[in-house]
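Here is the naming used below: chain letters follow the sequence lines, and residue numbers restart at 1 for every chain. Not measured: the values here are computed from a predicted model.
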Amino acid sequence: MYEFARGPLVWVALAGFIAGSLYQLITMLRLAKGEKNILPYMSARYGARSVLRWVVPFSTHNMRIRPLFTVVSFSFHLCLLVTPLFVMGHAVLWQQSWGVSWWSLPSSVADLMTVVVIFGGIFFLLRRATAPEVRNVTTWKDYALLLLVISPFVTGFVAHQQWLPYEATLLLHIVCGALWLIAIPFTRLAHMLYFVFTRSFMGSEFGAVRNARDW
Amino acid sequence: MADPAEAQVVDPGLDESIKKLTPERIAKVINTVLSPQSARLKVYLQTCVRCGLCSEGCHTYLSRDKDPDFSPVAKVKDTVWEMVKRKGKVDGEFIKRAARIAYTQCNGCRRCSMYCPFGIDIAFFIMSVRRICHLLGVVPQYLQDTVNSHAVTMNQMWVQPDEWIDTLMWQEDDARDEVPLTRIPLDKVGAEIMYSVIAPEPKILAQLIANMAIIFKTAGADWTMPSADGWDNSNMAMFSGDFEVMARVERLHWERALQLKVKRLVMGECGHAYRGAVYDGPKWLAWKKPPLPMVHAVEYYYELLKSGKIRIAKKIEEPITVQDPCNIVRGLGLHEKLRWILNELCEDFRDVDPRFEHNYCCAAGGGAINCGPPWKITRMKSIRVKAEQFRATGAHSIVTPCHNCHSGIEDIIGHYDLGMHVVFINELLVKAMERPEA
């Protein structure tokens with residue numbers, strides 16, 4: 001079971017993630033080409049200007065007026081992206097499967113980053129449930145998606161700490177991780193793929209067309 | 001928590017029109033406009049993570065004590081998301097509610113796009129809803145009337161050709177009383193500038209045209225105005241969703257300028273007219289850019305003052321503040337030039353907060369004020385933050401180079417009892433500038 005999970009299942013998930021992402025991006029590009037009012041107005045300079053603004057903490061007005069959210073959101077996203085790539089347990093797997101050695105995070109740092117993701121997820125859950133403007137547009141799917149996002153981190157952390165039977169938790173961790181990867185291109189997690197494009201389109205509209213700033 | 005008082009508002013353009021709809025027609029129109037072939041629709045729908053961060057961007061939401069039903073994302077949820085989810089199978093009552101949201105609760109000011117981390121163009125969704133409503137014939141009655149006027153007369157206010165010319169001659173006379181030999185040259189082929197205005201100028205604010213004639217005369221400009229249709233640069237069809245009429249209006253406006261073989265257009269103090277002439281009109285006509293440069297009045301005054309063609313004799317003394325019109329600030333980045341002009345003109349200029357691209361819309365823009373008297377109270381409830389912002393400046397007058405802002409702010413002043421006046425820049429400029437010697 002474990003062998004299946006860390007073998008074929010992971011392959012399927014990775015393939016699904018890559019193929020799904022390519023499919024979505026190619027579809028987007030194909031549709032955008034078909035419309036005459038998108039690509040001709042894209043500007044590399046102003047697109048990049050906008051993207052840079054929006055990936056640097058506290059550089060936009062909306063980030064400054066809600067400092068707690070900004071800190072939580074940036075640390076959540078950073079840890080979410082970095083931890084799975086550089087956690088020691090995964091580095092061992094990269095090595096075993098492909099023979100590539102990879103720099104890995106010290107165990108205590110990885111633990112901390114995992115906790116940041118879990119607490120960030122809990123923060124978002126609570127915000128969804130309590131902030132009226134967010135609750136108003138939230139359905140069960142949004143909660144489910146958030147739980148899915150933190151599930152590999154919760155299970156990975158529990159497995160690493162060996163609080164529960166190791167093999168079973170690890171198995172659960174792999175399954176959650178696989179679902180997580182496949183979900184990216186096909187759910188709202190696709191904002192990870194689209195962010196650069198939506199942001200640079202608006203950045204181009206504001207900067208290149210309308211001579212204004214979009215932050 | 002939609003406002004129960006607003007449920008009472010009667011608007012035959014919505015209430016009666018929905019009676020003629022059939023489910024098939026609704027579904028057909030929705031599925032055509034919200035096409036799966038739209039890249040922006042697809043990507044925006046999937047990218048929005050329902051974080052609610054756009055809320056802070058919306059003057060309607062802020063003015064209504066942060067009622068979540070008025071946040072930008074909620075307006076999309078109650079319209080586009082539902083239409084997509086039900087594949088267009090919605091009823092007339094749903095369309096009526098969607099029309100109320102799209103026409104009377106959102107000005108399409110695009111401030112929320114500066115608060116969305118992904119830069120989702122929420123106004124694009126709202127304009128798509130308006131397009132659907134227009135195609136279904138469900139448009140607020142007063143707004144539809146202005147669109148009808150555009151379609152019939154090619155101007156917004158049913159101004160007849162003889163009235164137009166008569167008004168210009170009358171204004172030329174008035175201007176001569178101020179500065180001798182002032183002219184309003186009609187149809188002068190090869191002039192450097194064609195000056196265009198919005199139809200409310202000849203209809204209700206004709207003295208603005210005389211003011212401009214005095215400014216042109218003082219600056220020694222080579223200018224003209226067209227005597228025939230195409231003189232109006234306003235465009236309410238752009239806001240009702242009637243893009244066919246929008247494009248007719250814009251094309252005629254540009255064609256008139258090309259016939260007169262001018263080098264550039266200068267336009268009066270209006271925000272949406274710039275947007276229509278330079279962005280929305282040309283895009284619908286599949287022109288990447290307009291055929292000639294369009295110079296907004298603010299840019300033109302800046303040019304005249306900077307180059308010394310117009311000099312200030314005596315600055316205005318009373319305390320004055322400003323309204324940044326969305327379409328020339330978020331839409332054109334003229335906020336610095338506007339401040340420069342006001343500091344040249346006024347002794348006591350008091351800035352607003354928030355300002356520049358973060359200005360609040362006046363709540364009249366985007367066609368909202370043209371939805372007419374039935375919707376005035378709705379509009380006033382949605383703009384409390386603007387009233388508070390002005391009150392905090394302690395100014396006596398509010399300058400705004402935009403007609404929608406001008407009318408909207410007059411309503412705000414009355415409703416919130418601010419005891420202020422609204423003025424256009426050209427009113428201050430003709431008072432403050434050096435006149436040519438007779």
With a sphere of 6.0 Å drawn around [atom1] of [X], does it hold more than 12 non-hydrogen atoms of other residues, nucleotides or ligands?
{"X": "A/W140", "atom1": "CH2", "value": "no"}
{"X": "A/Y23", "atom1": "OH", "value": "no"}
{"X": "A/R64", "atom1": "CZ", "value": "yes"}
{"X": "B/R251", "atom1": "CZ", "value": "no"}
{"X": "A/F119", "atom1": "CZ", "value": "no"}
{"X": "B/K381", "atom1": "NZ", "value": "yes"}

Mind checking whether [X] and [Y] have side chains closer than 4.5 Å, heavy atoms only?
{"X": "A/M202", "Y": "B/D121", "result": "yes"}
{"X": "A/F69", "Y": "B/L53", "result": "yes"}
{"X": "B/F118", "Y": "A/R199", "result": "no"}
{"X": "A/H191", "Y": "B/Q46", "result": "no"}
{"X": "A/R135", "Y": "B/R50", "result": "no"}
{"X": "B/R330", "Y": "A/F206", "result": "yes"}

Checking heavy atoms, do the side chain of [X], its backbone, both or neither come under 4.5 Å from chain B?
{"X": "A/S50", "answer": "neither"}
{"X": "A/I65", "answer": "side chain"}
{"X": "A/W215", "answer": "backbone"}
{"X": "A/R128", "answer": "side chain"}
{"X": "A/V209", "answer": "both"}
{"X": "A/F201", "answer": "side chain"}
{"X": "A/F186", "answer": "backbone"}

Between the main-chain N or O of [Y] and the side-chain N or O of [X], is there a donor-acceptor pair closer than 3.5 Å?
{"X": "B/Y61", "Y": "A/E133", "answer": "no"}
{"X": "B/K77", "Y": "A/N136", "answer": "yes"}
{"X": "A/D214", "Y": "B/M114", "answer": "no"}

How long is the straight-line distance from SG of B/C116 back to CH2 of A/W54, given to the nearest 0.5 Å?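 Here the interatomic distance stands at 7.0 Å.
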
Taking atom NE2 of B/H358 and atom NE2 of A/H61, what is their separation to the nearest 0.5 Å?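 Between B/H358 NE2 and A/H61 NE2, I get 5.5 Å after rounding to 0.5 Å.
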
Check whether [X] gets within reach of chain A through its side chain, its backbone, both or neither, counting any heavy atom under 4.5 Å.
{"X": "B/A74", "answer": "both"}
{"X": "B/L45", "answer": "backbone"}
{"X": "B/S113", "answer": "both"}
{"X": "B/P354", "answer": "neither"}
{"X": "B/W287", "answer": "backbone"}
{"X": "B/K288", "answer": "both"}

Residue by residue, which of residues 28-38 of chain A have a heavy atom closer than 4.5 Å to a heavy atom belonging to chain B?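 So far as heavy atoms go, A/M28, A/R30, A/L31, A/A32, A/E35, A/N37, A/I38 are the residues that approach chain B to under 4.5 Å.
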
Shortest non-hydrogen contact from A/N62 toward B/Y115: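 So the two residues come closest at ND2-O, 2.9 Å.
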
Do you know the tightest heavy-atom contact between A/P132 and B/P68?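 Heavy atoms only, the tightest pair is O-CB, 3.6 Å.
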
side-chain contact (heavy atoms from CB on, under 4.5 Å) between A/T198 and B/R40, worked out: CA-CA 8 Å; A/T198 55; B/R40 277 186 289 175; over 6 Å; no

Identify, with sequence neighbours excluded, every residue that meets salt bridge (Lys or Arg N to Asp or Glu O under 4.0 Å) alongside A/E205.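 Partners of A/E205 under the salt bridge (Lys or Arg N to Asp or Glu O under 4.0 Å) test: A/R210, B/R110, B/K283.
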
Under 4.5 Å, counting heavy-atom pairs only, tell me which of B/G331, B/S71, B/C54 racks up the most with chain A.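 If we count pairs closer than 4.5 Å to chain A, B/G331 comes out on top.
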
Relative to chain A, which of B/V329, B/I120, B/V278, B/T47 shows the most heavy atom pairs under 4.5 Å?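 Among B/V329, B/I120, B/V278, B/T47, the one with the most close pairs to chain A is B/T47.
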
